[in-house]
Every structure is written in structure tokens, then in C-alpha cells.
Amino acid sequence: MVSEVQKNNSAILRVERLSMKFGGLIAINDLNFEAKRGAITALIGPNGAGKTTVFNCITGFYKPTEGMLTMTRQNGEEYLLERMADFVITKKAKVARTFQNIRLFSGLTVLENLLVAQHNPLMLSSGYTILGLLGFPTYKKAAADAIEKARFWLEKINLVDRADDPAGDLPYGAQRRLEIARAMCTEPELLCLDEPAAGLNARESAELNKLLLDIRDETGTSILLIEHDMSVVMEISDHVVVLEYGTKISDGTPDSVKNDPKVIAAYLGVEDEEIVEMLEQAEAAGVDDITAAVDLMSTEAIHVIEETHPDAPAAALVATGPARPAKPAAATKQPGAKPAKTAAKATSAPAPAKVATAKPEAGNPAAAKTAATKTVTPVAPAAAKKPVAKPAAAKAPPVKAAPAKAPQASPIKAGATANALAAPRDGKADRLIDIKGIGPVNERKLNEHGIFHFDQIASWKKADVIAAEAYLAFDGRIAREDWIGQAKAMAKASQKKPVPGKSGGAK
């Protein structure tokens with residue numbers, strides 16, 4: 001058993017400046033992290049983030065382009081994994097792994113799969129078959145030990161009664177557990193598991209959690225795991241490392257990583273500043289838990305909310321929460337507000353609420369919270385009975401001008417790109433959020449800096465990209481997501497549209 005001091009302070013694996021390039025593709029970019037001894041370290045991130053590539057570098061399947069991978073065994077020996085062959089890493093450095101796709105010997109029995117994993121000591125004790133054929137006692141003892149070890153792990157994974165069945169006949173969840181048991185038969189000090197919970201149901205995931213915790217607590221084996229099932233990651237991990245586009249974006253405890261806006265942005269596919277703003281809106285709507293707020297929203301839903309309810313985007317967040325009164329109270333800011341309040345309550349339409357609510361300035365969450373808290377004041381019953389309510393309801397719809405979101409001509413902010421405009425051409429801006437990676441927040445910032453049209457982004461030079469990245473507050477994303485290429489395609493498509501053809505009806 002590994003002591004708590006070792007577990008918390010000793011690194012079994014150090015990954016330093018790891019980079020992996022395939023031609024012009026950078027799969028891993030300058031990655032640094034540590035896996036602690038006797039702990040479960042999870043490597044997570046969206047599909048294509050480079051997680052399996054990291055595993056392939058650690059276990060010798062790939063030779064990294066740059067960087068060091070240092071494995072420190074319990075006896076103090078250090079191994080530079082990037083210089084070792086894959087089979088030597090398993091034998092000497094004591095690193096074992098499983099794969100995304102199950103790789104059992106399906107024609108062999110369950111017991112034989114566990115014995116195959118112990119071929120190194122068996123071959124050694126048999127004198128590479130000669131002593132085994134002659135029946136030397138050293139080989140008999142090694143064979144008995146191998147069977148005993150296999151039986152131990154069969155009991156651990158509840159497959160003793162299936163020991164003589166072909167491995168291919170086992171249910172999927174049992175095959176997953178058998179693959180982990182086979183890796184453990186090599187007596188690793190570091191066990192690398194590539195998506196062990198993939199394809200498991202809730203009961204099988206719970207069994208997997210128990211097995212991995214037993215491996216950590218009873219054998220002291222350190223575990224490095226890739227997993228998309230967040231219930232597994234958050235329940236059993238001691239440390240979590242998050243990758244996006246091959247770059248580390250977060251590193252810490254499960255709780256700190258779960259609440260990191262950069263991590264939420266990576267999984268939702270939007271910029272972290274947008275996430276911060278959404279979470280402020282969620283808080284104003286009464287959704288306190290960040291994870292719950294993310295569950296209530298998708299990128300597309302947020303775009304719709306921003307466009308249809310620009311003054312009260314948090315309204316959509318309360319869809320699954322407790323019922324709340326309508327948002328009419330902000331009308332008290334205007335003279336003659338009582339009739340408007342009555343109309344809002346009578347019709348339950350969002351338009352009156354939008355008229356009443358003053359839009360807070362960008363970057364001022366306090367103003368958003370104040371508006372949200374003022375809106376929960378219930379309307380007095382006496383006011384609801386006043387006959388003046390109907391005329392007010394008739395006047396409410398003029399708010400429809402607000403969603404049009406047409407940017408007004410205004411002084412261009414400092415740091416704008418060379419082709420910035422004071423206002424959109426013909427008074428109509430392109431829908432920039434159609435470009436992957438541009439959300440409502442970034443669209444607003446682009447508009448503030450004079451970028452309204454696809455062809456403006458399409459004509460950006462390197463200096464323009466640098467200027468845009470400065471006020472958008474991120475580096476490299478424009479190139480990674482190919483904003484310029486996307487903008488060129490969209491500008492070309494918009495020019496091809498036959499404008500006159502839509503005035504009359506189709507035949």
C-alpha cells in the first residue's frame with residue numbers, strides 16, 4: 001500500500017513539453033502534466049483533442065516529435081519512455097494499457113487470456129521451453145503461481161464461473177473488466193486505460209468504478225485514464241487534465257476542472273468569455289450550479305435566445321427550474337407603468353417583459369443581476385383589474401425592433417483591423433455567428449470594432465488576425481477554426497443569391 005505522503009507528493013509519470021506532429025498536423029502541442037503515485041489521473045477533452053495520442057506516446061506506440069516522458073518506479077529507477085520500445089516499456093518500466101476497442105484473444109478461454117499476460121515470468125522459469133518440457137520444479141511453481149494470480153483477478157471481476165468459457169462469449173461489460181484484469185496480471189505500476197467505460201450501462205459503470213478504486217487502494221497501482229463518461233471521471237479521479245486541440249487548458253481537482261469556464265467552453269464549442277456571460281445570466285435566473293446551467297443550454301439554443309430575447313436571455317434557463325413570476329416589475333422605471341404591468345401579466349408574452357427591461361451594458365453583470373432581482377415583484381391584484389391594461393398590451397409589440405440587432409454607426413474602437421467600417425453596408429450586417437467559433441459575444445465585439453460582413457473577415461491579413469485576437473482575447477483560434485476560409489465560402493454564397501427572384505411567388 002502506498003502511503004498518503006507518496007500518493008500526494010510523488011510523481012510516477014512526468015510529461016514535459018510533449019509534442020507530436022504528423023506532417024503539418026500538430027496533434028499534441030507542448031504538453032506538461034504529472035500523474036501522482038497511487039492516484040487516479042483522468043485525461044479528458046472533446047473528441048480529437050489528442051488524448052489517445054498521449055497514451056500512444058507514453059506506451060511506445062508513437063515516438064514523440066519533442067519532449068520527455070519520465071517514469072519513476074517505486075524502487076527509484078527512472079525510465080525515459082520516449083526512448084524505449086513498446087514491449088520494453090511494459091516489461092521494465094511496468095506500464096500497462098488497454099485500448100478503446102477491446103483486444104482480447106476471443107478464441108482463448110477467460111483463464112488463458114490471464115495466463116498469456118504472464119508469459120514473461122513463465123518463459124523465464126521454463127528456460128524458454130526446455131526446462132518446462134523436462135518438468136523442472138521451477139517451472140511447475142511458476143505455472144501454479146500464474147494460475148493463482150489469474151484466479152485472484154477472476155474473483156475480483158466476478159468471472160470465476162466463466163473461467164473455461166471463450167473470452168469472446170462474454171458480455172461486453174465483462175470483456176471490459178477482463179481486459180483490465182489481464183493488464184493487471186503484468187503487475188504494472190502505472191495502468192493506462194483508454195475509455196474503459198465506453199459502451200457500459202449504468203450498472204456496469206458502477207462495477208467499473210468499484211474495480212478501479214480497489215486497484216488503486218489495494219495494490220497501490222497508479223491509474224491514468226481517458227474517459228468521456230463524466231460520472232466516472234468525477235466520482236473516482238483524484239486529478240484531472242483537460243486537453244483541447246492538443247493543448248492543456250485546465251489541470252486540477254475534479255471540482256475545480258468541472259467549474260472552469262475554459263473546460264465548459266471546450267465541451268460546448270463556444271468561447272470562454274461567452275460561457276462567463278451565460279453563467280452570469282444563469283445566476284440571474286436562479287440557476288446556481290454551473291454544471292446545471294450548462295446542462296440547460298446548448299450553443300444553438302443560446303444563439304436563438306440571444307436573437308429572440310436580447311434583453312432577457314436568462315428567460316430560457318428557467319424552463320426546467322421552479323416556476324417564477326413573469327418579469328414585469330422593471331416597468332416601474334417608466335411613468336404610467338402599471339397598465340403595462342397588467343398587460344404583461346394578462347398575456348404572458350415575452351414582448352412586454354422586453355420593453356420593460358432595460359438592457360444592461362456589456363461586461364456589467366451587476367446591472368444584469370439588479371434587473372433580474374427587480375423583476376420578481378408580483379403585480380398587485382388591484383392593478384390587474386384596471387381597464388387601461390388593454391391599450392397598453394396593444395402598444396407593447398413595438399419591441400420587435402429590438403431583436404433586429406442592427407449595429408448602429410458608432411466610433412470604431414481602438415485596435416480595429418485595417419478594413420474596419422463605421423457601420424454595416426446598407427444598414428444590414430451579416431450573421432457572423434454562422435462562422436464556427438463566433439458566438440453572440442464575439443459577434444458583438446467584432447461589430448464594435450467595425451467588422452460586420454463575411455468579406456471583411458475573408459480579406460484579413462496576418463496583422464488583421466493579430467489585431468482581432470487581441471480584442472477577442474484568445475490566440476490561435478481564428479487559424480484553428482479557419483474563420484477566413486469559412487468567411488470566404490459564406491461571402492461567395494451570399495453573392496450568388498439571386499436577390500430579385502424572391503419578390504414574387506413560385507409557380
Side-chain angles (χ1 to χ4, degrees), residues 1-3 12 37-38 59-60 71 73-77 79 84-99 102-193 196 207-208 210-223:
M1 181 71 70
V2 178
S3 70
I12 187 171
R37 188 177 304 280
T59 53
M71 172 73 184
R73 289 192 53 185
Q74 213 160 356
N75 59 11
E77 293 177 355
Y79 294 89
M84 301 169 68
D86 52 359
F87 68 93
V88 180
I89 288 175
T90 302
K91 181 179 179 181
K92 292 188 176 179
K94 291 296 181 181
V95 178
R97 77 167 290 180
T98 64
F99 295 85
I102 294 174
R103 299 192 182 185
L104 295 172
F105 298 103
S106 57
L108 298 181
T109 66
V110 171
L111 177 62
E112 286 169 341
N113 268 273
L114 298 185
L115 294 177
V116 165
Q118 304 176 65
H119 72 282
N120 279 337
L122 286 173
M123 289 296 288
L124 188 62
S125 64
S126 70
Y128 297 93
T129 71
I130 300 297
L131 300 181
L133 290 173
L134 297 176
F136 268 56
T138 53
Y139 175 72
K140 288 183 178 180
K141 183 180 183 308
D145 290 344
I147 292 172
E148 185 58 35
K149 183 184 292 183
R151 182 181 290 113
F152 170 83
W153 285 108
L154 287 175
E155 289 175 356
K156 273 284 182 194
I157 61 176
N158 298 320
L159 288 178
V160 173
D161 57 338
R162 303 292 299 269
D164 296 324
D165 293 346
D169 290 352
L170 295 177
Y172 185 82
Q175 289 189 37
R176 280 284 182 193
R177 298 197 306 277
L178 177 59
E179 194 173 34
I180 293 171
R182 184 178 65 179
M184 288 304 299
C185 282
T186 65
E187 297 184 344
E189 291 190 21
L190 178 65
L191 176 63
C192 299
L193 305 175
E207 290 177 356
L208 174 69
K210 183 178 183 306
L211 175 62
L212 297 184
L213 290 172
D214 285 349
I215 289 173
R216 179 194 67 183
D217 296 337
E218 295 179 14
T219 69
T221 303
S222 307
I223 298 175

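Just the heavy atoms: all of them, side chains too, but no hydrogens, waters or symmetry mates, feed the values below.
Ion pair Lys141/Asp145 flagged as a salt bridge, since at least one NZ, NE, NH1 or NH2 atom sits closer than 4.0 Å to an Asp/Glu carboxylate oxygen. Ion pairing between a basic and an acidic side chain is recognised when a charged N comes within 4.0 Å of a carboxylate O; Arg151 and Glu148 show such pairing.
Scanning all heavy atoms of the two residues, the minimum distance from Leu114 to Ala181 falls at CD2-C, 3.8 Å. Closest approach of Pro188 to Ala96, counting heavy atoms only: CB-CB, 3.7 Å. Heavy-atom minimum distance, Ala167 versus Leu178: CB-CD2, 4.0 Å. Across all their heavy atoms, Ser222 and Arg37 have their closest contact at OG-CA, 3.3 Å. Summarising the geometry of Ala117 relative to Cys185, their closest heavy-atom pair is CB-CB, 3.9 Å, with the distance given to 0.1 Å. Looking at every heavy atom in both residues, Ala174 comes nearest to Leu170 through CB-CB, 4.1 Å.
Note that CG of Leu159 is 4.0 Å distant from CD1 of Ile157, once rounded to the nearest 0.5 Å. To the nearest 0.5 Å, atom CD1 of residue Ile215 and atom CH2 of residue Trp153 are 4.5 Å apart. Residue Glu207 holds its CD atom at 5.0 Å from CZ of Arg177, rounded to the nearest 0.5 Å. In this structure, Asp165 CG and Leu111 CG are separated by 11.5 Å, a value rounded to the nearest 0.5 Å. For the atom pair CG (Leu104) and CD (Gln175), the distance works out to 5.5 Å, reported to the nearest 0.5 Å. Lys94 NZ to Asn75 CG: the interatomic distance, rounded to the nearest 0.5 Å, is 11.0 Å.
No side-chain heavy atom of Ile89 sits less than 4.5 Å from a side-chain heavy atom of Tyr79. Counting only heavy atoms from C-beta outward, the side chains of Ile180 and Leu212 approach each other to under 4.5 Å. Within the 4.5 Å cutoff, the side chain of Met184 has heavy atoms near those of the Thr221 side chain. Using a 4.5 Å cut-off on side-chain heavy atoms (C-beta onward), Gln118 and Thr186 make no contact. Between Leu115 and Ile147, the closest side-chain pair of non-hydrogen atoms falls below 4.5 Å. Residues Arg216 and Leu213 meet the side-chain proximity criterion, which asks for heavy atoms closer than 4.5 Å.
Between the Gln74 side chain and the Glu189 main chain, no donor and acceptor come within less than 3.5 Å of each other. Distance alone, capped at 3.5 Å, is enough to place a donor-acceptor pair between the Asn113 side chain and the Thr109 backbone. A donor-acceptor pair under 3.5 Å is formed between the side chain of Glu179 and the backbone N or O of Arg103.
For Lys156, the salt bridge (charged side-chain N to carboxylate O under 4.0 Å, His left out) partners are Asp214, Glu218, not counting sequence neighbours. In this structure, Asp169 has no salt bridge (charged side-chain N to carboxylate O under 4.0 Å, His left out) partners at least two apart in sequence or on a different chain.
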Open item on the list: Walk me through whether Arg176 and Leu208 qualify under side chain to side chain contact (heavy atoms under 4.5 Å, CB included).
Closed with: CA-CA 9 Å; Arg176 280 284 182 193; Leu208 174 69; over 6 Å; no
